[in-house]
Amino acid sequence: MRLRQRVITLLMLSGLALAACGTGGSGQQSTTSGTKHGDTMTVAIGIDPDTLDPAAQTTTTAAQIVDMMAETLVTMDSNGKLQPLLATTWQQASDGMSWTFTLRSGVKFTDGTPFNAAAVKFNFDRLLSPTTFKSQPGVLGGKTGIDHVVAVDDTHVQFFLKSQFSPFAAALTQTNSAIISPASVNVAPNKPEVITQPVGTGPYVFKERVASDHITMTANKNYWGTKKANFDTQVYKIVPEAASREALVKSGGADVVVAPPANDIPALQNDPSVHVILGPSDRTIQIVINTQDSTQPLLQKPEVRQALNYAIDKNAIIKTVMFGAATPLSGPMANSVFGYCQTGNYNYDPNKAKSMLQAAGASGMSVKLVSPTGRYVQDIQVANAVAGYLRDVGLKVDGPGTVDWPTYVATYASVPPALAKTDLHLLGWAPAYLDASQSLQQFYSTQIPPAGLESSYYKNPQVDALIAKGNSGTDQNQRAQDYCNAAKMVWSDAPWIFLYNQKYPFVTTSKVTGVTGLPNEKFVTTWASPK
Amino acid sequence: MSTPVSVTADAPAEQARLLELTSAGRPQSRVWVRLRTHPSALVGMVILALYVFLSAVGPLLLRYDPVHQNLADAFLPSSLTHPLGTDDLGRDELIRILYGTRYTLVLGFAAVAIGVGIGLPLGAVSGYFGGWLDLLAQRVMDILLAFPNILLALALVATLGVGLQNVIISVGITSIPVFVRLVRASALSVRELPYVEAGRALGVPSIVVLLRHVVPNSLAPVIVQASLQLGAAILIAAGLGFLGLGVQAPTPEWGTMLGASRNYIFSDPNLATFPGLAIFGAVLAFNLLGDGLRDALDPRLK
Amino acid sequence: MLTYVIRRLLVAIPTLLGVATVVFSLLRLLPGDPANLIAGPQATPESIAIIRHQLGLDLPLWQQYLAFLGRLLHGDLGISSRTGQPVLQEIAVRAPYTAELALCSLVLAVVVGIAAGVVAATRRNTGADLGISSSAVFGVSMPVYWLGLMLIVVFAVRLRVLPAAGNDEGVASLVLPTITLALFSMGLVARQTRSAMLEVLGQDFVRTARAKGAGRRSVLIRHALRNALLPIVTTIGLQFGTLLGGAVITESVFAWPGMGRLLLDSISARDYPVVQGVVLMLAVAFIAINLLTDLVYAYVDPRIRYS
């Protein structure tokens, strides 16, 4: 008897202990699970944004969240064309060394302070300051970027540059140029060096963030624009597993998810409860060839590299490995980029590849191939496919070997030619704004590591000259022409095996609409609404 | 781990059984007899034998290349030609699992070999001589033990780099402390034995004492631990593979295959089921064998 | 007793120092330049240099080490290279999640494990014993990551009764990760309890108690279990460490926002300060648990006296 009582007591105590566990600390009793009345939109992304500070943005995932709260002077529409946002007009000076922007008036930050030229100057000063943590001015800084900013009056700002940089306005569409309230950098938990809660002019306002779990924003009731946000709250959930994200969108636990497992895309496209959008992207995927290869000198010959291009069946790869979520490259950059022109076609012709290799004395040569895993959609799978095609034309392929991303960058993508450790490596390249000056960085010899990330070590003085001319020219048509000429030379020199321009897949439930993709791999949920 | 405890039948019946068995003809080691009649050990040995047999015979019957891809055949379901279907690159899943056996067994044995090879001498010397050597060794072991096993292996692999060799080294290093502890305890007890003290007084060289008394004395627990450690090593190594930090694709290591299958868990759960089952089976076999060894080597039944 | 505790704490210091040094060195041996990685593909060499300076990586190694130790003495774990937030804050935000998972798993493992072990020991060599012993050995042989995936497939995908990831559904979210994490320890505790109980049950004082007429169950609880508790307590103490390690993988499988996730993400991002901080915290927790276990030992068994 007594034993039984004790056992029961013990069981009850354990039960209480377990129950206490269940209700302890964590359970975020959010309104997201399954309730959508135009109240809350849930978006599942794959990585945890490192920072929400506009000045420190390096990933499009984090940047698109910041975009909802802090706006730039100029924005890009879904065709990649520039549109006014916080600035109404802009003008490059005749000497090309400065730009003047007219700002929109009557706009306020969500903390009530006014948006004006002083605020703009403050932000760019902050972006260029060495005390701002992880600040990423990119092309806006350095030897060719902004020299200083002048607030001419409340609604006019003048940027003085160190060089004639024609794509300047396009460069201002990047999130690192987003404007936050100067007063807010001193309001806890923000610090002037690190912003954790950006206060901007945008249609959404920061509400809360639980690290590695979710970020919540609420609609800005006093947004200056005519367009209004349709959801009171948007929650961005961090779900690292692609398969889990797919489960969420299918069960309705999320309204929008990014990048489902690629092989499920055909099935999802046939599923009426969800809507697959293959968003445009400017990201090219290529096999970078070491053009200064000393261990395999045959790769220094353009004919050999061209042969490699003919050896790969890009359409088959797109169909069976990318599940249709890509288009083959017809130039060394995506066709949404300003300055793109069609430069040629390396159609799949293994016989031609074999005879070209033979003519160059490269039949049966050995090459080493490496690829990251999980960094790009289906990266290692594509690399495997490429290896297969290369073997089919008689090459001996070592690999594809793989390592984790940081090691990959350190070992293959950012090392100078003397320290190169592979013959071929898979890489993606996505310009932050749609200008060929960005795309062609990968063929500009000033960008050879350690100065930049031109990991093919391609060096062509004529191409260099054309790129430099295009970067500083003021006539847009001339610029496009220069870039096109450069691209044609690059295409025939084939420092890459040009593969494809990948699409950026995201999936919405059929209950929401208005989610659009931008050509730089951001997808915009700001203006979505329930159906 | 715990002290060996006999959970088999009572002593008299046991002895009768042994008598019966050994009188059947050839003289057999008591230990071996106990082992092969122990139910768990038997199951463990059968499973292991099965693994070894299949991994040797399978590739002869099933003539697929475990590495070469064939995209047109991706994600095929189970069929007569592909008993376990194909994976995301069109490779036969069964052949990859069979090939994976070799990598797993090599990983396990090599890692435990490192653990014993370094742990046994270190523990013996540390326990027998004591002094500052012992103190230092204990502190180092404390540091190694301050990390949960998987984390230590993770840290080592992240530093040394990925791949089979480095996984073996990393998992091997995590196996060292447990053997050091075991052998040290044994050495400590041997040190106190009267005849050992006498030997020391008579000037018998320490190395002789170590080899003739300390090592044999610790052999039984070491063997038991080695079997259990094989299971643990396989779990950790496969865990590293699962996280993408172990043996790299396209090598068909079970953990790596399991990690790669996460993407396909809804469309093709088979790719997750079978590699995991294979890992489970191997670890189970070594655990059962270890249990059997523990009982068979139990000094109380001598 | 007090001197024992003090001595243990003193000994812990060089150990922790050793751990800190090992982690510091290992991280610096990792290939991959954090500044380069953090700066991203569009960064100019100038901004990379600025970032490197902000992270303190342009100092010579010994200076970095001394700065690291200096901060440590003040209880300052530094600033995360990834987010710019204090490492202590990054850990503090996530620690409750891991603690919740580990504690619930521990409770589950201990309660079920001890109960199962006692039943198996008292019904030795019966069907119940076979069932429990087999389940236990299955439990310790099961890879955590595989179990998690299988549970997700069955309960989240096929049956749709439990969430596949995350933790925003309260108790429901906790079920699968807890079971996954607890199974190994459950099996181990069950096996340990069974063998400890068997050993105790075979001893003279138990027979004496029975001979004196004490009821079977009271003997079980009051005499056998209490004496068997010692090795069981040790096991439980050790299990906490295993649970912390297993939590790393479980959190990855279930997208649980705890310290394990933080550790993996930080290694990938070469966020040295956070990796150092998390590992140190785990080592401290480990050492504290070990000390606590030994003290509980002494409390349970009056024969043990530390000096």
Side-chain angles (χ1 to χ4, degrees), chain B residues 1-9 39-40 138-140 142-156 158-161 228 231-232 234-236 238-239 242-243 245 254-255 258-259 261-262 265-266 269 272-273 275-277 279-288 291 294, chain C residues 11-12 14-16 18-19 21-23 25-27 29-31 124-125 133-134 137-138 140-147 149-150 152-153 157-158 184 191-192 194-196 198-199 202 231 234-235 241-249 252-253 263-264 267 275 279 282-284 286-287 290:
Chain B
M1 291 278 165
S2 67
T3 54
V5 168
S6 166
V7 293
T8 53
S40 316
Q138 287 320 296
R139 290 289 78 74
V140 171
D142 276 351
I143 292 177
L144 285 181
L145 286 171
F147 301 79
N149 266 349
I150 184 88
L151 290 185
L152 185 60
L154 199 66
L156 287 168
T159 314
L160 296 169
L228 298 171
I234 291 175
L235 278 180
I236 297 181
F242 176 77
L243 293 171
L245 295 170
W254 295 334
L258 197 57
S261 76
R262 282 164 93 174
I265 200 160
F266 297 137
T273 311
L277 204 56
I279 301 171
F280 173 58
V283 176
L284 183 66
F286 283 117
N287 276 338
L288 290 173
D291 281 352
R294 177 191 291 147
Chain C
V11 164
T15 309
L16 284 174
V19 169
T21 308
V22 166
V23 175
S25 324
L26 282 182
L27 283 174
L29 291 173
L30 280 177
R124 193 173 79 179
N125 293 334
S133 298
S134 312
V137 81
F138 276 25
V140 302
S141 311
M142 185 95 60
V144 168
Y145 30 96
W146 183 57
L147 179 64
L149 284 182
M150 291 293 104
I152 289 179
V153 169
V157 180
R158 294 263 157 84
F184 182 88
R191 275 154 64 94
Q192 198 62 29
R194 179 182 183 274
S195 60
L198 282 177
E199 174 152 0
T234 327
T235 312
T242 311
L243 284 174
L244 285 179
V248 172
I249 295 192
S252 167
V253 172
L263 187 62
L264 286 175
I267 292 179
V275 177
V279 172
L282 286 178
V284 166
F286 215 72
I287 291 177
N290 279 344

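Below, chain A is the first sequence line, B the second, and so on; all start at residue 1. The figures here come from the full heavy-atom set of this structure, side chains too, leaving out hydrogens, waters and symmetry mates.
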Undergrad: Can you tell me which of B:Leu156, B:Asn287, B:Asp142 forms the most heavy-atom pairs within a distance under 4.5 Å of chain C?
TA: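 Looking at each option in turn, the highest pair count goes to B:Asn287.
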
Undergrad: Side chain, backbone, both or neither: which part of B:Leu258 has an atom under 4.5 Å from a heavy atom of chain C?
TA: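 When you check distances to chain C, atoms from both the backbone and side chain of B:Leu258 fall under 4.5 Å.
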
Undergrad: Could you walk me through whether C:Val137 and B:Ser40 pass the side chain to side chain contact (heavy atoms under 4.5 Å, CB included) check?
TA: CA-CA 10 Å; C:Val137 81; B:Ser40 316; over 6 Å; no

Undergrad: Can you tell me which of B:Ile150, B:Leu284, B:Ile234 forms the most heavy-atom pairs within a distance under 4.5 Å of chain C?
TA: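 Among the listed options, the one with the most contacts to chain C is B:Leu284.
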
Undergrad: Using non-hydrogen atoms only, which part of B:Leu144 is less than 4.5 Å away from chain C: side chain, backbone, both, or neither?
TA: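 Neither; nothing under 4.5 Å.
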
Undergrad: Describe, in one word, how the ring planes of B:Phe280 and C:Phe138 are oriented to each other, choosing from parallel (under 30°), tilted (30 to 60°) and perpendicular (over 60°).
TA: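 Plane angle over 60°, so perpendicular.
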
Undergrad: Need one label for C:Leu147: side chain, backbone, both or neither, based on atoms under 4.5 Å from any heavy atom in chain B.
TA: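 No part of C:Leu147 comes within 4.5 Å of chain B.
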
Undergrad: Which atoms of C:Leu16 are under 4.5 Å from chain B, going by heavy atoms: the side chain, the backbone, both sets, or neither?
TA: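 The answer is neither part of C:Leu16.
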
Undergrad: Report yes if some heavy atom in the side chain of B:Leu243 is under 4.5 Å from a heavy atom in the side chain of C:Tyr145; otherwise report no.
TA: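 No. Closest side-chain heavy atoms not under 4.5 Å.
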
Undergrad: Using non-hydrogen atoms and a 4.5 Å limit, figure out which bit of C:Ile249 sits close to chain B: side chain, backbone, both or neither.
TA: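 Looking at C:Ile249, just its side chain touches chain B.
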
Undergrad: For C:Val19, is it the side chain, the backbone, both, or neither that has a heavy atom closer than 4.5 Å to a heavy atom of chain B?
TA: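 When you check distances to chain B, atoms from both the backbone and side chain of C:Val19 fall under 4.5 Å.
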
Undergrad: I need the minimum non-hydrogen distance between C:Thr15 and B:Arg139, along with the two atoms involved.
TA: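 Closest approach of C:Thr15 to B:Arg139: OG1-NE, 4.0 Å.
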
Undergrad: Is there a side chain to side chain contact (heavy atoms under 4.5 Å, CB included) between B:Arg294 and C:Ser195? Walk through the geometry before answering.
TA: CA-CA 12 Å; B:Arg294 177 191 291 147; C:Ser195 60; over 6 Å; no

Undergrad: Can you see which heavy atom on B:Ala272 is nearest to which on C:Leu149, and at what distance?
TA: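 Looking at all heavy atoms of both residues, the shortest contact is CB-CD1, 4.4 Å.
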
Undergrad: Treating C:Trp146 as the side-chain partner and B:Gly255 as the backbone partner, does any N or O pair qualify as donor plus acceptor under 3.5 Å?
TA: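 A pair under 3.5 Å: no.
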
Undergrad: Where does C:Met150 contact chain B at under 4.5 Å (heavy atoms): side chain, backbone, both or neither?
TA: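 It is the side chain, since no backbone atom gets that close.
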
Undergrad: Quick check on the interface: out of C:Pro143, C:Gly246, C:Ala283, C:Ser134, who has the most heavy-atom pairs with chain B under 4.5 Å?
TA: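 Winner by heavy-atom pair count: C:Pro143.
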
Undergrad: Looking at B:Ile236, B:Leu288, B:Leu277, which makes the most heavy-atom pairs under 4.5 Å with chain C?
TA: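 It is B:Leu277.
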
Undergrad: What residue, out of C:Val22, C:Val140, C:Leu244, has the most heavy-atom pairs lying under 4.5 Å from chain B?
TA: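 The candidate making the most pairs under 4.5 Å is C:Val140.
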
Undergrad: Could you give the distance from CG (B:Leu235) to OG (C:Ser141), rounded to the nearest 0.5 Å?
TA: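 Interatomic distance, B:Leu235 CG to C:Ser141 OG, rounded to 0.5 Å: 7.5 Å.
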
